[in-house]
Amino acid sequence: GDFGNKIEVKSQDEIGDLTRTFNSMSADLSFNMDEIAREKNKIETIFLYMTDGVVAFDRHGALIHVNTAAKEMLSITQDKISFEELFKPYAEDISLKGIMYLSDNKGVAREIKNGEKTLKAHFAPFMSEGRRVDGVVIVIQDITEQTLYDCYHAFYTPGNMMLCVVGDVDPQMVFDLAEEIVPAGS
């Protein structure tokens with residue numbers, strides 16, 4: 001663990017060479033461990049302040065990462081939740097195994113509802129260097145306002161007035177958004 005201690009070199013023979021080699025390896029290992037810690041901290045900070053939600057599960061469906069945005073969007077309150085427990089209520093046609101066997105660089109996206117929120121979830125496998133699928137990453141975007149905005153425009157387009165009424169969007173939310181965009185009396 002403590003790579004800062006150096007062994008004193010007391011001889012110029014093979015033992016001295018071995019001691020110098022250990023000191024050099026210890027310094028290299030210390031540098032590499034510091035570099036890994038810096039990269040880990042940088043990525044954790046990025047995930048913490050992202051507005052998109054990020055959730056990752058290992059190949060067995062165990063949660064390995066969830067950022068604050070994803071916790072809020074998906075109402076996650078527990079630290080241990082499986083892939084199936086989290087996503088079955090939202091997307092019954094999505095399975096961990098199905099995503100893991102998607103071809104290279106392919107993913108699948110689903111629009112899901114959580115209360116009044118409309119979310120877009122992008123599911124994709126991630127792989128090890130040996131090209132083995134190690135799990136699944138899900139990036140989640142809150143598209144509620146975009147959906148309402150699109151619905152507002154569709155609602156006021158001739159021939160499309162019923163689109164929002166028969167869809168999943170509450171017409172009152174559309175009128176509230178319209179009021180924000182174009183205040184009454186304008």
Side-chain angles (χ1 to χ4, degrees), residues 1-5 21-150 167-170 173:
D2 183 8
F3 300 108
N5 292 333
T21 301
F22 273 124
N23 285 339
S24 176
M25 288 181 352
S26 176
D28 290 346
L29 194 52
S30 177
F31 176 80
N32 290 337
M33 295 293 285
D34 288 346
E35 186 66 26
I36 290 169
R38 277 191 297 279
E39 286 298 313
K40 180 180 181 278
N41 289 336
K42 179 173 70 176
I43 289 180
E44 285 177 352
T45 302
I46 290 169
F47 281 143
L48 179 64
Y49 292 101
M50 284 180 70
T51 57
D52 288 348
V54 178
V55 186
F57 293 90
D58 69 15
R59 63 183 301 107
H60 305 291
L63 181 67
I64 54 176
H65 179 81
V66 59
N67 71 348
T68 304
K71 285 180 180 181
E72 291 172 7
M73 287 182 209
L74 296 171
S75 306
I76 299 172
T77 57
Q78 50 190 325
D79 291 332
K80 292 187 177 186
I81 188 167
S82 72
F83 179 90
E84 303 300 329
E85 291 171 319
L86 184 57
F87 287 104
K88 274 300 175 202
Y90 302 116
E92 289 185 14
D93 64 327
I94 297 290
S95 73
L96 181 69
K97 297 258 186 262
I99 296 166
M100 288 176 54
Y101 293 109
L102 292 171
S103 55
D104 289 343
N105 298 321
K106 299 285 184 194
V108 63
R110 289 290 182 276
E111 203 168 283
I112 59 178
K113 296 282 285 173
N114 186 14
E116 297 210 356
K117 292 179 187 171
T118 302
L119 308 172
K120 183 138 216 180
H122 302 269
F123 299 81
F126 65 87
M127 299 179 192
S128 66
E129 299 237 357
R131 306 294 299 153
R132 181 184 121 189
V133 177
D134 279 346
V136 173
V137 171
I138 303 96
V139 177
I140 304 153
Q141 299 167 310
D142 186 341
I143 60 168
T144 305
E145 287 189 24
Q146 181 62 44
T147 302
L148 291 174
Y149 181 78
D150 292 347
D168 285 340
V169 178
D170 177 10
M173 291 173 72

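Sequence positions, counted from 1, serve as the residue numbers for this chain. The analysis underlying the following values was restricted to heavy atoms, covering all of them including side chains, and did not include hydrogens, waters or symmetry mates.
Atom NZ of Lys88 sits in a crowded spot, with more than 12 heavy atoms from other residues, nucleotides or ligands closer than 6.0 Å. Counting heavy atoms of neighbouring residues, nucleotides and ligands inside a 6.0 Å radius, atom CZ of Phe126 exceeds 12 of them. Counting non-hydrogen atoms of neighbouring residues, nucleotides and ligands closer than 6.0 angstrom, the CG atom of Asp79 reaches no more than 12 such neighbours.
In terms of heavy atoms, Ile76 sits closest to Ala70 at CD1-O, 4.1 Å. Ser128 approaches Asp134 most closely through the heavy-atom pair CB-OD2, 3.1 Å. Summarising the geometry of Val133 relative to Met100, their closest heavy-atom pair is CG2-O, 3.3 Å, with the distance given to 0.1 Å. Contact detail for Phe83 and Ile138: the closest heavy-atom pair is CE1-CD1, 4.0 Å. Taking both residues in full, the closest heavy atoms of Lys113 and Glu116 are given as NZ-O, 4.2 Å, listed atom of the first, atom of the second, then distance. In terms of heavy-atom proximity, Glu84 sits nearest to Leu96 at OE2-N, 3.5 Å.
For the atom pair CD of Glu85 and CD of Gln78, the computed distance is 6.0 Å after rounding to the nearest 0.5 Å. We find the CG-CG distance between Asn23 and Asp28 to be 11.0 Å, quoted to the nearest 0.5 Å. For the atom pair CE (Met25) and OG1 (Thr21), the distance works out to 7.5 Å, reported to the nearest 0.5 Å. Taken from CZ in Phe22 to CG in Leu29, the straight-line distance is 12.0 Å, to the nearest 0.5 Å. In this structure, NE2 in His122 is found 11.5 Å from CZ in Arg110, a value given to the nearest 0.5 Å. Atom CZ in Arg59 sits 7.0 Å away from atom NZ in Lys97 (nearest 0.5 Å).
At a threshold of 4.5 Å between non-hydrogen side-chain atoms, the residues Glu72 and Asp142 do not count as touching. Contact check for Leu119 versus Leu74: side-chain heavy atoms found under the 4.5 Å cut-off.
Thr144 contributes a side-chain N or O that, together with a main-chain N or O of Thr118, makes up a donor-acceptor pair within less than 3.5 Å. A donor-acceptor distance shorter than 3.5 angstrom exists from the side chain of Asn114 to the backbone of Met73, with no hydrogens or angles considered. Without hydrogens or angle criteria, Asn67 side chain to Val54 main chain gives a donor-acceptor distance under 3.5 Å.
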